[in-house]
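The next block holds one structure in the form of structure tokens; read it before the comments.
Numbers for residues simply follow the sequence, beginning at 1.
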Amino acid sequence: MKLNVNVEATPQELREFLGLPNVQPLQQEMMEIIRENMLKGVQGFDPVSLMKPFMAGAMPVQSIESLQKVFWDTFNKASTGQPSRTGTTGGS
């Protein structure tokens, strides 16, 4: 025996019918908290300070200009086929 039931209801109506709690106010409150924290994190965002831990071992970054110079030098060496200072030369 096979029984098919089709129910047309909105998600809110179905939650109420099944006795599930309405969590929409909690979701909105949590999203507002997340939004506020994200906006606080954006204020004073400095990409150089974000990159410093990754570049500390290789060479210190004093300004965004020096970071750009490092990237351009690396790209220029790669395009001309020159080996980088940190790369290997193919020995065993």
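Between W72 and F75, the ring-plane angle classifies as perpendicular under the 30° and 60° cut-offs.
Under the 4.5 Å side-chain contact rule for hydrophobic residues, V5 and L18 do not share a cluster.
K69 and D73 are joined by a salt bridge, as a carboxylate oxygen and a charged side-chain nitrogen come within less than 4.0 angstrom of each other.
Under the side chain to side chain contact (heavy atoms under 4.5 Å, CB included) rule, Q28 has a single partner from M30, M31, E32, Q24, which is Q24.
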E16 vs N22, side-chain contact (heavy atoms from CB on, under 4.5 Å): CA-CA, chis, key distance, verdict: CA-CA 8 Å; E16 289 174 4; N22 182 8; over 6 Å; no
